[in-house]
Amino acid sequence: MLQNKELLRSGFPYLITLGQRRVTSTPLDIGFGKEKIYVLVRNLNLGTYIRVINWEDDNLGTIGGPEGTRSPSPGNENISEASFQWPAGLLVDEDENLYVTDEAKHCVVVMDKDGIHLGTWGEYGTGEAQLNRPSGMSFDREGNILLSDTMNNRVQRFTKEGNHLQTIGAGLLNNPWGLCVDSEDNIYVADWKNDRVVKFSPDGKELQVIGSFGSDKGQFTRPSAVAVDLHGDIYVADWKNDRVQLFDKFGKYIQSFYGDATLSKSGLMYIMANPVTLRLREMADFEKTQRLDVPMMVKVDKEFRLFITDTGNHRIQVYKKDAIELTEDQIAPPMRNPVLFTT
């Protein structure tokens, strides 16, 4: 298992930026299809919908939102509504069906990749299977959905059809937001108002707590999302500290990401067509244009690419891990006092 591997960490270089203002405005979450990237957008002025782009950063239109699909593809002009009002989380399954939590309606909206409405489940309340401002979601290994029931201060597990299976973290969490499931089906929750990440076993037992309130290394101020890669490394969107922090599988701090963005393809096209924007950018503090601004969500894939929704900057910053997996005969046993040694 990769989680049992020791690593030679070479670095974690920046890879690419996707999206821009007016395309991926205020991105909250991101999901991946076979060829398309789905970006959940929530903006008071520009609306709420799912923006569809591809790896070349082409704008492929929108689906969903308060009025249903707004940009149907040719041949699908009569798409039925897939309506959500104030979305918070997005999942894409292996059939490229999309699941969206709606904080305003306390439900989950399901649609296919073209925006055809497949169903809606959930209702407001505090009882089992009821929801109060649901937010982040993650699939478990069986394809069921773990969901942050934010204002009920718990996590619930449902089938994809909305049948309740389990409640986790009641009495331990305070406004949980993003969450994820690792390769062993353990559940990691960004415990937003407690400024920490909590790890639970599949049966709901608390296993690990990472972080506390603050801005130092290993501390959080309103963590909004968490992701775990196949090595067991843990990534946390430290929302109010404008960074993403990386921890190893034991919860030891490794490094922080503050942003290294270049212009995306769509961003470059927009700026080159606007002389005033060109002048303003030429006069600006360039370092600030690279940095993260209230990163809301983190996702990692099997290729060890890290995706950060740079929400305040209306884009997605992408990094890729550079590390070598070591065998036991390549590395010395763990040391009791490693600070006493140098190499």
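For the numbers below, each heavy atom of this structure counts, side chains included, while hydrogens, waters and symmetry mates do not.
Contact annotation: the side chain of Leu7 never approaches that of Leu326 to less than 4.5 Å [non-hydrogen atoms, C-beta and beyond]. Met272 places a side-chain heavy atom less than 4.5 Å from the side chain of Leu278. Residues Ile168 and Arg157 have side chains in contact (heavy-atom distance under 4.5 Å, counting atoms from C-beta outward). Between Asp310 and Ile316, the closest side-chain pair of non-hydrogen atoms is not below 4.5 Å. In this structure, Leu18 and Ile53 have side chains that are in contact, with non-hydrogen atoms separated by less than 4.5 Å. Looking at Val155 and Thr167, their side chains never come closer than 4.5 Å, going by heavy atoms from C-beta outward. Counting only heavy atoms from C-beta outward, the side chains of Asn186 and Leu207 approach each other to under 4.5 Å.
Remark: of the listed residues Lys205, Gln208, Glu206, Glu206 is the sole one forming a side-chain contact (heavy atoms from CB on, under 4.5 Å) with Phe200.
Between the side chains of Asn152 and Thr126, no donor-acceptor pair of N or O atoms lies under 3.5 Å. Under the 3.5 Å distance criterion, with hydrogens and angles disregarded, no donor-acceptor pair is assigned to the side chains of Tyr319 and Arg305. Side-chain contact of Asn174 with Asp191: a donor-acceptor pair under 3.5 Å is absent, judged by distance alone. Thr311 and Thr26 share no donor-acceptor pair across their side chains, judged by distance under 3.5 Å alone. For Thr262 and Tyr14, the side-chain atoms include at least one donor-acceptor pair closer than 3.5 Å. Looking only at atom types and distance, the side chain of Gln290 has no donor-acceptor partner in the side chain of Asp260 under 3.5 Å away. Side-chain atoms of His231 and Glu325 include a donor-acceptor pair closer than 3.5 Å. Side-chain contact check for Asn144 and Thr159: no donor-acceptor pair (N or O, by modelled atom type) lies under 3.5 Å. Judged by distance alone, the side chains of Gln156 and His164 do bring a donor and an acceptor atom under 3.5 Å apart. If you check the side chains of Gln85 and Asp102, you find no donor sitting under 3.5 Å from an acceptor.
Within a 6.0 Å radius of NZ in Lys160, more than 12 heavy atoms belonging to other residues, nucleotides or ligands are found. Heavy-atom neighbours of Gln330 CD from other residues, nucleotides or ligands within 6.0 Å: above the threshold of 12.
Connection of Leu118 to Phe158 is established within a shared hydrophobic cluster, with ILVMFWY side chains joined at heavy-atom distances below 4.5 Å, either directly or through further cluster members.
Between atom CG of residue Leu98 and atom CD of residue Glu96 there is a gap of 7.5 Å, rounded to the nearest 0.5 Å.
Ion pairing between Asp29 and Lys299 holds under the 4.0 Å rule for side-chain N and carboxylate O. Salt bridge present: Asp229 and Lys321 bring a charged side-chain N and a carboxylate O closer than 4.0 Å. Taking a cutoff of 4.0 Å between a charged side-chain nitrogen and a carboxylate oxygen, Arg9 and Asp322 do not qualify as a salt bridge. Ionic pairing of Glu103 and Arg42 is present here: one or more N-O contacts between side-chain nitrogen and carboxylate oxygen are shorter than 4.0 angstrom. The pair Asp195-Arg222 meets the salt-bridge criterion, with a side-chain N (NZ, NE, NH1 or NH2) lying under 4.0 Å from an Asp/Glu carboxylate O.
Relative orientation of the Phe257 and Tyr235 rings is tilted, given thresholds of 30° and 60° on the angle between their planes. Classified by interplanar angle (parallel below 30°, tilted 30° to 60°, perpendicular above 60°), the ring pair Trp55/Phe307 is tilted.
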